[in-house]
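Each remark here refers to the structure printed beneath this line.
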Amino acid sequence: MSQQVRVRFAPSPTGYLHVGGARTALFNWLYARKTGGKFILRIEDTDVERSTQEAVDGLLRDMKWLGLTWDEGPEVDGPHGPYFQSQRLEIYKKYAEKLLQNGSAYPCFCSEEELEAKRQKAEEEHRSLHYDGTCRNLGKEEVEKRIAAGEPYVVRVRVPDKDYVLNDLVRGRVEWKSETLGDFIILRSSGMPVYNFCVVVDDADMQISHVVRAEEHLTNTHRQLIIYEALGITPPTFAHASLILGEDKTKLSKRHGATSVGQYALDGFLPEAMINFLALLGWNEGNDREIYSVEELKECFTLERISKSPGVFDHAKLTWMNGQHLRALSVENLLPMVEPVLKKEMPDEPRLQNPEILRKLVELIQIKMNKLNDAVEVAKSFLNASQPENEEAAAMISTDKSKDLFAALAEEFASCEWVREGYNAAIKAAGKTAGAKGKELFMPIRVKITGTCHGPDLVGILDVLGREEVLKRLRN
RNA sequence: GCCCCUUUCGUCUAGUGGCCCAGGACACAGCCCUUUCAAGGCUGCGACAGGGGUUCGAAUCCCCUAAGGGGCGCCA
């Protein structure tokens, strides 16, 4: 009962944070926040070839954007650092040495070429592809002699002849038979440790209590269990969530379109919506609820309710959900998010510089948006005066009646009080003069002013455009 | 080839032996609201992978098959 929850997200910086990784991070983070535990961020950069600083930077940036703050890790450090695997080499060596000492690991001098040849032969003969154990029982003197002679070697774990059982929080009982695994490498000939070994050493060293990760690691757990045992350390609790799939039901990847969290940020999605969507992809509370705030998620998240079956990433549903969160925002909160988007796309638009107009604009278009970026198109649709977009629209403003209407309306607008009640009355009066009402009254006005048959509330548009601009467009 | 995991509407899912001829959400269609488009409301469409058992009764338990995924690396 005394054990504190310590969970971690351990990405390798070989690319951007993708939605699958983000969900894994989220589950860990949620669990830590729910239980009052610690969330640790560890960078698994032992693959020097593929790891880059840009990827690390991007990872941290996207994690922050999502609001997935870490208690220990890069930038904040902590009592169990360093949090970059590339800086922990001494620790791995120490643990490997321990395994070599107690006999649960041994040096292996087989070359990569030899192993490849053996693997191929095994494949042809339909035998298991495992290491055949050539160096498993070399004499102590021979080992020392070959090492002294400078012969390169790797370190392998001596896999015990026994079955292993994992009691996974989401999968239940998973069992591996002894013969399904050959002695595997934990230290490369370069001295660099291998993933499965680093994970165990780090998780043990950082006192991780729960390992929450994706299903692709499920079978790795077999090896990791063996290493824990060899080290004499009690393994943490495991929870393996399933994978996120693309629309074609294969593992989500770049060719499925946007998969990086950074891209979603750029596309105008809200972090809160992203969190909501990701949380519900492979987890639910057991009821019909769809919309959650981050705070609410922190309250009710449980590892046990993570689902076993893989899920397809549904972009349409994410967009809908983003719209839900967007519309739930107060204008005060929405405005600072929309403002930069608008100003970036319309740097020369003077009305955006006026705080009062800007506020009215945001209020007007909020209901039309599903993403922050939608603001641009909606705003442009009426901010810029334009010709009728199609024949239907052109026909709407070319009738005699509509021309009478515009003339009458211009007159009314010129003198009416420029507030909502004022234009409403003016429109009504002009309609009476021209003999138009209902759709016949409003549609021509809309088209005359904006060029299109649809868009936000007409009165709201007048409000944003202002008397002068409206008159100019009416008289044009 | 071997090992492991998974399988309810197109998609995300509820469902842990009777409340289920299966509920919700997205998408789609229709209607309502409305000066338009949205938003919102209502309605509709639509699934227990297949086959065997167990049981009075099975989406739910067992077995087999199929399909999908993951792993079997000196990648992570």
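Scope of the values below: all heavy atoms of this structure, side chains included, with no hydrogens, waters or symmetry mates. Computed from a predicted structure; not experimentally measured. Order of the sequence lines fixes the chain letters, A, B, ..., with proteins taken first and strands second; residue numbering starts at 1 for each chain.
Comparing the same atom, C1', in B:U7 and in B:C48 gives a spacing of 10 Å after rounding to whole Å. For the C1' atoms, the distance from B:G50 to B:U13 is 23 Å, rounded to whole Å. Between the P atoms of B:G71 and B:A76, the separation comes to 14 Å (whole Å). For the C1' atom pair drawn from B:U8 and B:G46, the interatomic distance equals 12 Å after rounding to whole Å. For the P atom pair drawn from B:C3 and B:C64, the interatomic distance equals 13 Å after rounding to whole Å. The gap from the P atom of B:C5 to that of B:C63 amounts to 12 Å, rounded to the nearest Å. Look at the P atom in both B:U36 and B:U43: the space between them is 23 Å, to the nearest Å. Nucleotides B:U11 and B:A49 have their P atoms positioned 12 Å apart, rounded to a whole Å.
Nucleic acid contact class of A:Gly455 (heavy atoms, under 4.0 Å, all strands): base. As judged by a 4.0 angstrom heavy-atom cut-off over every strand, A:His240 is placed among residues making no nucleic acid contact. Residue contacts for A:Glu215: at a heavy-atom cut-off of 4.0 Å it reaches a base atom on one of the strands shown. Counting any heavy atom pair closer than 4.0 Å across all strands shown, A:Arg305 reaches sugar-phosphate atoms only and no base atom. Within 4.0 Å (heavy atoms only), A:Gln366 reaches no atom of the nucleic acid at all. Residue-level contact check: A:Arg327 touches the backbone only, with heavy atoms under 4.0 Å from sugar-phosphate atoms and none from bases. A:Ile367 comes within 4.0 angstrom of a nucleotide base, judged by non-hydrogen atoms across all strands. Contact annotation for A:Arg446: base contact, defined as any heavy-atom pair under 4.0 Å involving a base atom. Residue A:Glu290 is in base contact, counting any heavy-atom pair closer than 4.0 Å across all strands shown. Using a 4.0 Å heavy-atom distance criterion, A:Val154 is classed as a base contact. Within the 4.0 angstrom heavy-atom criterion, no nucleotide atom of any strand lies near A:Cys108. Residue contacts shown for A:Ser189 include a base, since a base heavy atom lies under 4.0 Å away. At a threshold of 4.0 angstrom between heavy atoms, the contacts of A:Ile185 include nucleobase atoms, whether or not backbone atoms are also involved. At a threshold of 4.0 angstrom between heavy atoms, the contacts of A:Thr219 include nucleobase atoms, whether or not backbone atoms are also involved.
Heavy-atom nearest nucleotides on RNA chain B were determined for A:Val174 and for A:Asp45, and the one closer to the 5' end corresponds to A:Val174. In terms of position on RNA chain B, the residue among A:Lys317 and A:Gly282 whose nearest nucleotide sits closer to the 5' end is A:Gly282.
By the 5.5 angstrom centroid cut-off and the 30-degree plane limit, A:Phe442 is classified as stacked against the base of B:U35.
When Watson-Crick and G-U wobble pairs are counted only if both distances are under 3.5 Å, B:A25 pairs with B:U11. The pairing partner recorded for B:A38 is none, the criterion being a Watson-Crick or G-U wobble arrangement whose two distances lie under 3.5 angstrom. Base pairing of B:U6: its partner is B:A67, meeting the Watson-Crick or G-U wobble criterion (both donor-acceptor distances under 3.5 Å).
The closest side-chain donor-acceptor pair between A:Asn196 and A:Gln224 falls under 3.5 angstrom. Side-chain contact of A:Asn28 with A:Arg8: a donor-acceptor pair under 3.5 Å is absent, judged by distance alone.
Judged purely by atom type and a 3.5 angstrom limit, A:Gln87 has no side-chain atom pairing as donor or acceptor with the backbone of A:Phe84.
Regarding contacts with the backbone of B:G71, every side-chain N or O of A:Asn220 stays at 4.0 angstrom or more from both OP1 and OP2. Taking only side-chain nitrogens and oxygens, A:Gln324 comes nearer than 4.0 Å to OP1 or OP2 of B:G40. Put simply, A:Arg223 has no side-chain N or O that comes within less than 4.0 Å of OP1 or OP2 on B:A76. Between A:Ser307 and the phosphate of B:U13, there is a side-chain N or O to OP1/OP2 separation shorter than 4.0 Å.
One interatomic measurement links the two molecules: CD of A:Glu113 to C1' of B:C74, which rounds to 11 Å at whole-angstrom precision. Rounding to whole angstrom units, CG of residue A:Leu243 and P of B:U7 are separated by 14 Å. Atom-to-atom, CG of A:Asp288 to P of B:C26 comes out at 11 Å; the value is rounded to the nearest Å. A straight line from OH of A:Tyr195 to P of B:G70 spans 16 Å, rounded to a whole angstrom. Distance, A:Asn322 CG to B:A25 C1': 16 Å, rounded to whole Å.
Here the CZ-OH distance, from A:Arg223 to A:Tyr164, works out to 13.0 Å after rounding to the nearest 0.5 Å.
No more than 12 heavy-atom neighbours from other residues, nucleotides or ligands sit within 6.0 angstrom of CD on A:Glu377.
Ring-plane geometry between A:Phe313 and A:Phe277 is classed as perpendicular, the angle between the planes exceeding 60 degrees on a 0 to 90 degree scale with a lower cut at 30.
In this structure, A:Tyr195 has its ring center under 6.0 Å from that of A:His217. Not less than 6.0 angstrom separates the ring centroid of A:Phe9 from the ring centroid of A:Trp29.
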